[in-house]
Amino acid sequence: MGFSTDAIHAGQEPDPTTGAVTLPIYQTSTYVQAGVGDHKGYEYARTQNPTRAALERNLAVLEGGKHGICFGSGMAALHAVVQRLEDGDHVLLGDDLYGGTYRLLDRVMRPQGMAFSTVSTKDPAAVEAAIRPETRMLLIETPSNPTMILTDLAAVSAICKAKDVMLVVDNTFMTPYFQNPLTLGATAVVHSTTKYLNGHSDMVGGVVVTSDPALAERVRFLQNAAGAVPGPMDCWLALRGVKTLALRMQRHNANAMEVASYLEGRGLRVIYPGLESHPQHELARSQMRGSGGMVSVELESRERAVEVLSRFRIFALAESLGGVESLVCHPASMTHASVPAEARARVGLTDGLIRLSVGCEDVEDLIEDLGQAMFN
Ligand SMILES: *Cc1c(COP(=O)(O)O)cnc(C)c1O
């Protein structure tokens, strides 16, 4: 099946009881049993919920994995993945990640005995050199957030395989519509479904997709045992959002390309993988089918960024990304405030950098808004 057909149908059948075309929101905490031990596969809603199960099947199909396991947030999904590791194991992190991922390792996992270090994953040889005998996992985002550095997924996954290291890719920025890390050799994909997959800025959720049976079993166990499960209403919203994922991503991509070209044409330093000026433009073309909706722009200073950010009329000043409405943020003081200043400087996340999540509005309106905010 094609991507859009799967997005609309995979994992969901019309309701067997009524024929309702749309899968119901099974808003229940428990299920009646005919007799002790005699039930329909559903006992208690932390453990199983049909709306959640449909979303899990759907996302597994889209990412090309065998197992999808949903959580109450992207962070809960990432937490379950790193919980797979044991005392003394070492995690290698890409050096430019969502700030909350860094904080999870630094402030939650490290105090519990997990070692981690960061590496620039732009150069596969640097990744190979940074892998220690005790390294069990490499966790990355590509393009990275917010400096849009790409990792060569095929090259890095081959290195990880040879060294028996799990490669986990946070695919939130690209979505399975543009990039399929599992196909390129990654062990698992993680998403904040809060972002593009749901796409309407009205829920928070996460998912882990993998074909690795041991990882799937452990993450599924943690979903129930630690209990960070999403509610059925949020699963239903995500299912509804995913139905239009292809349409939305095409529009995000087209709008972002126009916005990036416009800003670059006006003399700004713009970071977007779809631009020929992006240092890894060729890699972007070979491993992604589009460049997504995220555009970073470098302004002279923090003061200039703050000034520009106060002038937008359509772009809303907010954390998050991936909704149909355009957002803008200042990563150094918002999404990445939990990353130490020297670590931000090392990857080029300057205080003047602003990050646009280009939405699905009419691009002429977006460009006019950028023009009045930035060039007056
Ligand atoms: C938002 C985000 C997360 C965290 O997800 P939540 O749903 O907010 O918990 C992780 N990774 C990336 C790339 C994100 O953008």
Side-chain angles (χ1 to χ4, degrees), residues 73-75 77-78 94 96-103 140-150 169-179 189-207 234 237-238 241-242 244-260 263 270-274 288 290-298 305 308-309 312 314-339 344 347 349 353-361 363 366 369-370 373:
S73 70
M75 288 321 305
L78 284 158
D96 181 37
L97 295 177
Y98 178 69
T101 305
Y102 184 86
R103 180 176 58 197
I140 63 165
E141 292 170 29
T142 176
S144 71
N145 178 1
T147 60
M148 305 282 171
I149 296 164
L150 271 57
V169 180
D170 181 335
N171 202 28
T172 300
F173 267 35
M174 278 301 106
T175 82
Y177 185 67
F178 284 136
Q179 174 171 276
V189 163
V190 177
H191 279 276
S192 168
T193 54
T194 315
K195 314 294 170 51
Y196 287 109
L197 293 184
N198 177 61
H200 295 74
S201 308
D202 51 15
M203 55 73 80
V204 172
V207 68
D234 287 344
L237 284 169
V242 167
T244 55
L245 182 64
L247 293 169
R248 288 186 287 107
M249 293 315 291
Q250 286 161 18
R251 181 67 168 253
H252 282 295
N253 189 71
N255 282 1
M257 192 66 216
E258 284 210 38
V259 160
L263 294 174
V270 181
I271 318 174
Y272 183 64
M288 288 139 56
S291 295
M294 302 303 296
V295 178
S296 290
V297 186
E298 210 163 313
V308 164
L309 287 169
F312 283 108
I314 297 176
F315 281 86
L317 177 63
E319 298 202 11
S320 198
L321 61 109
V324 289
E325 59 286 300
S326 292
L327 302 180
V328 60
C329 85
H330 183 241
S333 57
M334 296 169 73
T335 50
H336 288 66
S338 50
V339 178
R344 293 201 303 263
V347 297
L349 200 184
L353 188 133
I354 64 171
R355 190 187 77 180
L356 306 173
S357 171
V358 180
C360 293
E361 298 95 337
V363 74
L366 297 180
D369 194 29
L370 289 160

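- The two residues Ile314 and Asp369 make their nearest non-hydrogen contact at N-OD2, 2.8 Å.
- Residues meeting the side-chain contact (heavy atoms from CB on, under 4.5 Å) test with Val363, sequence neighbours left out: Asn255, Glu258, Val259, Ile367.
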Phe312 and Leu317: CA distance, side-chain angles, deciding distance, side-chain contact (heavy atoms from CB on, under 4.5 Å) verdict
CA-CA 8 Å; Phe312 283 108; Leu317 177 63; over 6 Å; no
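- Scanning all heavy atoms of the two residues, the minimum distance from Ser338 to Tyr102 falls at O-CD2, 3.9 Å.
- Counted within 6.0 Å of CZ on Arg251, heavy atoms from surrounding residues, nucleotides or ligands total more than 12; the atom is thus considered enclosed.
- For the pair Asn171 and Gln179, the minimum side-chain heavy-atom distance is below 4.5 Å.
- For Ala260, the side-chain contact (heavy atoms from CB on, under 4.5 Å) criterion is met by Val270, Tyr272, Leu275, Val295, not counting sequence neighbours.
- Between the side chain of Thr193 and the main chain of Gly206, a donor-acceptor pair closer than 3.5 Å is present.
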Starting from the C-alpha separation in whole Å, work towards a yes-or-no answer on side-chain contact (heavy atoms from CB on, under 4.5 Å) for Leu263 and Leu356.
CA-CA 12 Å; Leu263 294 174; Leu356 306 173; 4.0 Å; yes
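- In this structure, Ser192 OG and Leu78 CG are separated by 8.5 Å, a value rounded to the nearest 0.5 Å.
- For the pair Ser291 and Met257, the minimum side-chain heavy-atom distance is 4.5 Å or more.
- For the pair Ser201 and Gly323, the tightest heavy-atom approach, listed with the atom from each and the gap, is OG-CA, 3.7 Å.
- Heavy atoms only, all atoms of each residue included: Ala256 and Gly293 are closest at CB-CA, 3.7 Å.
- When all heavy atoms are compared, the tightest approach of Thr194 to Met203 is CG2-O, 3.2 Å.
- Side-chain contact between Val297 and Val308 is absent, with no heavy-atom pair separated by less than 4.5 Å.
- Put simply, the side chain of Met174 does not reach to within 4.5 Å of the side chain of Tyr196, judged on heavy atoms.
- With sequence neighbours left out, His330 forms a side-chain hydrogen bond (donor to acceptor under 3.5 Å, both in side chains) with Ser333.
- Evaluation of the side-chain hydrogen bond (donor to acceptor under 3.5 Å, both in side chains) rule for His252 yields no partner, not counting sequence neighbours.
- Without hydrogens or angle criteria, Asp170 side chain to Ile140 main chain gives no donor-acceptor distance under 3.5 Å.
- Judged purely by atom type and a 3.5 angstrom limit, Ser296 has no side-chain atom pairing as donor or acceptor with the backbone of Ile271.
- In this structure, Leu97 CG and Arg103 CZ are separated by 13.0 Å, a value rounded to the nearest 0.5 Å.
- Listed for the Arg248 side chain is no donor-acceptor partner under 3.5 Å among the backbone atoms of Gly359.
- Here Ser326 contributes atom OG and Leu321 contributes atom CG; the two are 11.5 Å apart, rounded to the nearest 0.5 Å.
- A 4.5 Å side-chain heavy-atom check between Val204 and Asp234 finds every atom pair outside the cut-off.
- With hydrogens and angles ignored, the 3.5 Å screen pairs no side-chain donor or acceptor of Thr335 with any backbone N or O of Glu319.
- Between Leu327 and Ser320, the closest heavy-atom pair is CD1-O, 3.6 Å.
- In this structure, Pro176 and His191 have side chains that are in contact, with non-hydrogen atoms separated by less than 4.5 Å.
- Looking only at side-chain heavy atoms (C-beta outward), Thr175 and Lys195 stay at 4.5 Å or farther from each other.
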Counting only pairs under 3.5 Å, give me each side-chain donor-acceptor contact of residues 141-149, with atom names and distances, residues two or more places apart or in other chains.
| unit_1 | atom_1 | unit_2 | atom_2 | d |
| --- | --- | --- | --- | --- |
| Glu141 | OE2 | Tyr98 | N | 2.8 |
| Thr142 | OG1 | Thr151 | N | 2.9 |
| Ser144 | OG | Asp96 | OD2 | 2.6 |
| Ser144 | OG | Thr147 | OG1 | 3.4 |
| Ser144 | OG | Met148 | N | 3.4 |
| Ser144 | OG | Ile149 | N | 2.9 |
| Asn145 | OD1 | Arg355 | NH1 | 2.9 |
| Thr147 | OG1 | Asp96 | OD2 | 2.5 |

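- Judged as a ring pair (Phe, Tyr, Trp, His ring centres under 6.0 Å), and not counting sequence neighbours, Phe178 has no contacts.
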